[in-house]
Structure formats: C-alpha cells, structure tokens
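Presented below is the structure to which this report refers.
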Amino acid sequence: MLDKLGIDQPAWRALTSFDDVKEFVDKVGYPVLVRPSYVLSGAAMNVCYDEEELQRFLNMATEVSKEFPVVVSKFMTETKEIEFDAVADKGEVIEYAISEHVEYAGVHSGDATMVFPAQHIYFSTIRQIKKIAYKIAAELNISGPFNIQFLAKNREVKVIECNLRASRSFPFVSKILKRNFIETATKIMLDAPYQKPEKSEFDIDRIGVKASQFSFARLQNADPVLGVDMSSTGEVGCLGDDLNEALLNSLIATGYSIPKDAVLISSGGAKGKVSLLEPAQQLAKKGYTIYATPGTAKFFNDNGVKATAVTWPDEPSKNNVMDLISQHKVGLVINVPKNHTSRELTNGYKIRRGAIDHNIPLMTNVRLAKAFIEAFTAMGLDDIKIKSWQEYNN
C-alpha cells in the first residue's frame, strides 16, 4: 500500500531461508532488524550488526514461529523516531498529536522517553508527517483512533508501522492538549455528534514528558539495557513549563534522583564519547566529580574535562569501579554498551547490574543521559514548580 501511495519505508523482506536473508543483507548492509512474524511487544526481535549475530538471532526467530517467514529490514542508525496519534472520521483526520522520542530509534516505543509537543523536529518534517498520515488515513478509510510511527533523518521521513487502535501515548497527549482523543474516537465509532478542535498543539505553552518505569531491581540478574523488545513495566507522564522541567519531573517520578556530587561515565564507542563530552563539561562546571572507565577518562582529560579513571570490574585494583558503586560514591551511573564482545558485555553488565543492585540511578542511552544532565545542570530541585494540571495554561 505504501509503495502504491509513494510513501517511503525502510527496505525489508519476508524471508524463509538463510540464503535469502544473506542475499538481502548483502544488498542493504548491516545493521538489520530481524523479527519473527506474529509477535507482540518486540519479543525475539533483534538488531544484528554482523553475520554471527544474524545467524544466532535467525535461529531464535525460527524457534518462535517455524512455519512463518522472518521479516528482515534495514536498521537505520542515529535516526529520530516520531509518533503520530490521531482520530479520523471516514478517512479524514479530525485531531492529531505529533510527539518525539528522546532516544534514537531502536528503543521500543514502550520504553522510550517521549516529548510532546515535539521540540526538535524541522517544520518541513512535521509537514511531511502530516501529509503521509493524511494519505494513509484516507487510503484505509479510518474511523476511530490510530497511531503511526515514523523515522526521520536529514529531512527524510519513512514509515515504520501504522496501528489501527489507540496507542499508549493517547492518554498522554490527551492530557497535555486537554482534548480527550478517545471520547472523539468513540463518538465517531458510534456515529454520534462530536466537536472538532479549535486550536492545534502549536498553540500550547506546556510541555509533557512521558518516562518509562522499569523493574530491573526485582528481576535478579536481568541486564538493564534497552532494546527493540519492551522491558518497561509502567510509565509516568509529567508536565513542565519547559523541556528541562518536564523531563526532571517525569524522571524523578519514575525513581531517578539528581546526583549530589559525583557521576560515573562509561561512554561506549567513539560516538558516545564525543556526544557525552559537552554534558561532562557542564557537570565539571557545576562542580561534580567525574569518574570514568579508562578510555572515557582519557578522552575527557585529553579534551579539557578532568576525569578520574577507574578500572574495569575484571581488573583487580584499589580503584575498581565496583568498589566505587558498592560504596555509593556516585549518584548517577552512565554505562553505554560499546559492542558485543564477551569481555565488553561481562564488564558492562557488572557495572549496570551493580548500579541497579545498589539503587543508584542508571542510564544506558547516550541521548537520554545527555538530556538528563542538561536538565539538572540548568535547574535544581528547588527551581521545579509544584503545579496542578489545571494550573497549566489553557
């Protein structure tokens, strides 16, 4: 249908043999997303970065549904994910909301941190998204609620999926817009009279952030890393007068606390180091002590940010990262998985699990860590206003 409408989507194939999969991957290149047919919440869905991983995950996927093909699609890196929630009547969009994920695409939408109204999207991207969504609604002749997930990179927009149902972000955007999307959808489905909205999301001053709640502390030995399958067990939506305030409100509500004097950073690959340099400068400026794993510490120190190096869990020394965590010398642990080598996974896992077991706030996503640091270095707890939902502007 998308091909017929001239709407772009990531390259994909439904394939049944390993040779076909290999041929497709040779054409589009790694990384690719592998998913078995007919699963919910991304179960057994995986991103593969090389042939070894591909082989392993294909075996898992075929175990999940032997008689059905596996869908393999090109996985787009460093790409924004955008949600379009709407209600339509006989194919005409009546009201809509466009929100963005803080994390890049690749984190399940149920685990991602969501911002509404979207703050960092080109106006031209918003126009494209509306145009595409209107086309899809008309083609499917939708009457009722629907949700479309989009990818956006360099002003290019692609469709991930369209769900003909209410999504988890429906109550969230309804609260912020003060328009009950489900009420409108129900009236349309019952053929009852309804009111069209008088103003758009661009006319509101408040900002909402929906953060996910995780239960890793209750799941012994679980690795608290976010991926394409869903791990969250709840979520909290909060309002603020600006993005920093809304983000802090929602993260604090899900159990995060603002670190008092020290932060541990293990930034993963080269891109992670570069991305976290500016937040590290902000931390240093605010007087925080920065501890970092060897490579990250060297990179920070080479670039003018003082960082104290700690050794990896499998390197016994008096400056071991696990002692730092067990003695609660840091108030925030940032650990970005670098690659999938066994040493990297073992060391990274021990740091992440240590943070969870010692009840120290943990972040494993560069984009979210960056946004959190920007927020708490810009405003403290005392700067957050306590306001009821009714007090935010109409």
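Basis for what follows: all heavy atoms, side chains included, without hydrogens, waters or symmetry-related copies. Throughout, residue positions are numbered sequentially from 1 according to the sequence presented.
- Heavy-atom contacts from other residues, nucleotides or ligands closer than 6.0 Å to CD of E23 number 12 or fewer.
- Side-chain atoms of N147 do not come within 3.5 Å of backbone N or O of E83 as any donor-acceptor pair.
- Side-chain atoms of E183 and T186 include no donor-acceptor pair closer than 3.5 Å.
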Y288 vs F376, ring-ring contact (aromatic ring centres under 6.0 Å, His included): CA-CA, chis, key distance, verdict: CA-CA 12 Å; Y288 281 91; F376 73 70; 5.7 Å; yes
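- Within the 3.5 Å criterion, the main-chain N or O of V115 finds no donor-acceptor partner in the side chain of K210.
- Both tests pass for K178 against the ring of W389: distance under 6.0 Å to the centre and angle within 45° of the axis.
- Applying the 6.0 Å contact sphere to NZ of K153 captures more than 12 heavy atoms from other residues, nucleotides or ligands.
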Candidate pair T125 and Q128, rule side chain to side chain donor-acceptor pair (under 3.5 Å), full reasoning: CA-CA 5 Å; T125 301; Q128 279 186 73; 4.9 Å; no
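- No side-chain donor-acceptor contact under 3.5 Å links Y134 to the backbone of G91.
- Classified by interplanar angle (parallel below 30°, tilted 30° to 60°, perpendicular above 60°), the ring pair F172/F116 is perpendicular.
- More than 12 heavy atoms of other shown residues, nucleotides or ligands fall within 6.0 angstrom of atom CD in E391.
- Here the side chains of V28 and W12 are not in contact, with every heavy-atom distance at 4.5 Å or above.
- Judged by distance alone, the side chains of E374 and N244 never bring a donor and an acceptor atom under 3.5 Å apart.
- Listed for the T113 side chain is no donor-acceptor partner under 3.5 Å among the backbone atoms of V102.
- For the pair K387 and Y392, the distance from NZ or CZ to the six-membered ring centre is under 6.0 Å and the angle to the ring normal is within 45 degrees.
- Remark: the backbone N or O of M189 is not paired with any side-chain donor or acceptor of S143 at under 3.5 angstrom.
- Put simply, the side chain of D85 never gets that close to the backbone of S167: no donor and acceptor are under 3.5 Å apart.
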